[in-house]
Amino acid sequence: MSVVEQYARAQIVTDADPLLGDRGAVPVVLRYDPATDPRSVRVVLPGSGPREFVVPRDLLEQGLRMPVSHGEVQVWPCGRVQTVVEFHTARGVSVVQFENKVLARFLHRTRATAAEPVPH
């Protein structure tokens, strides 16, 4: 099984990192490693120190269609072309806005990777 990693440009609004908040589109890394955790995706945000969040993969898939939440993460569609992912931490709140097609393409690649046969 191979790792799926995709760089995406996303809008980020945060009170957790004042250097990052409201800067316009920034690079965000989406990473899926089925060998480590086949049910989760890692979202890495830039900033004064990169921050990594673990999100259930099915939460992102459901969030493309309807508002959903799990623990400190909320996901919901925003209009017809964007999806919002909101992270709540002790440091504050980070809101990341992705284009649907970018997130859907990444999730499609993770499903294809998860379906690969395991080598013997």
Side-chain angles (χ1 to χ4, degrees):
M1 291 188 200
S2 52
V3 173
V4 176
E5 186 169 281
Q6 180 170 323
Y7 292 84
R9 301 222 25 102
Q11 297 288 121
I12 299 177
V13 178
T14 180
D15 62 359
D17 187 344
L19 297 176
L20 185 59
D22 235 0
R23 290 194 329 194
V26 297
V28 173
V29 179
L30 300 168
R31 182 177 300 128
Y32 173 69
D33 185 351
T36 302
D37 188 353
R39 293 191 173 107
S40 297
V41 169
R42 296 186 180 281
V43 179
V44 183
L45 304 181
S48 58
R51 288 172 295 136
E52 186 173 294
F53 298 95
V54 178
V55 181
R57 188 170 57 143
D58 62 342
L59 189 76
L60 290 176
E61 290 177 345
Q62 292 171 14
L64 287 168
R65 298 180 307 279
M66 68 181 125
V68 292
S69 65
H70 181 268
E72 306 295 321
V73 181
Q74 297 176 8
V75 184
W76 66 89
C78 181
R80 297 174 65 177
V81 297
Q82 296 180 321
T83 299
V84 173
V85 183
E86 184 173 288
F87 302 101
H88 293 260
T89 68
R91 292 177 57 192
V93 178
S94 296
V95 179
V96 183
Q97 194 168 13
F98 292 98
E99 286 188 29
N100 286 349
K101 64 182 179 183
V102 171
L103 198 51
R105 186 178 327 126
F106 171 76
L107 291 167
H108 177 75
R109 291 176 55 211
T110 67
R111 285 190 299 276
T113 299
E116 288 178 2
V118 177
H120 297 291

Going from [atom1] on [X] to [atom2] on [Y], what distance comes out if it is rounded to the nearest 0.5 angstrom?
X	Y	atom1	atom2	result
L103	L60	CG	CG	5.5 Å
D33	S40	CG	OG	11.0 Å
Q74	H88	CD	NE2	4.5 Å
D58	R39	CG	CZ	9.0 Å
R42	D37	CZ	CG	6.5 Å

Shared hydrophobic cluster, V68 / L107 (ILVMFWY, side-chain heavy atoms < 4.5 Å):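 As far as the 4.5 Å side-chain criterion goes, L107 and V68 are connected within one cluster.
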
Cluster check V81, V85: I/L/V/M/F/W/Y, side chain < 4.5 angstrom: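 No, because V81 and V85 fall into different hydrophobic clusters, even though each may have its own neighbours under 4.5 Å.
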
Y32 side-chain N/O to P38 backbone N/O, donor-acceptor pair under 3.5 Å: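 Flag set: sc Y32 to bb P38 pair under 3.5 Å.
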
Donor-acceptor under 3.5 Å (N100 side chain, L64 main chain):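 A pair under 3.5 Å: no.
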
If you compare all heavy atoms of [X] against all heavy atoms of [Y], which two are closest, and at what distance to 0.1 Å?
X	Y	answer
R65	E61	NH1-O, 3.0 Å
V96	A10	CG1-CB, 3.7 Å
G63	T83	O-CG2, 3.8 Å
F106	L30	CE1-O, 3.5 Å
P34	S2	CD-O, 3.5 Å

Student check: side-chain heavy atoms of V75 and V84 closer than 4.5 Å: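 Side chain of V75 against side chain of V84, heavy atoms only: no contact under 4.5 Å found.
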
Side chain proximity check, V93 to E86, heavy atoms < 4.5 angstrom: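 Counting from C-beta outward, V93 and E86 do come under 4.5 Å.
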
CZ (R105) with more than 12 external heavy atoms under 6.0 Å: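 Atom CZ in R105 is crowded, with more than 12 foreign heavy atoms closer than 6.0 Å.
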
Qualifying residue for side-chain contact (heavy atoms from CB on, under 4.5 Å) with F53, from T89, V41, V73: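 Testing each of T89, V41, V73 against F53, the sole residue satisfying side-chain contact (heavy atoms from CB on, under 4.5 Å) is T89.
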
Set of residues satisfying side-chain contact (heavy atoms from CB on, under 4.5 Å) with respect to R109, sequence neighbours excluded: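 In terms of side-chain contact (heavy atoms from CB on, under 4.5 Å), with neighbours along the sequence ignored, R109 is linked to V4, Q6.
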
Set of residues satisfying side-chain hydrogen bond (donor to acceptor under 3.5 Å, both in side chains) with respect to E5, sequence neighbours excluded: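 Partners of E5 under the side-chain hydrogen bond (donor to acceptor under 3.5 Å, both in side chains) test: Y7, R31.
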
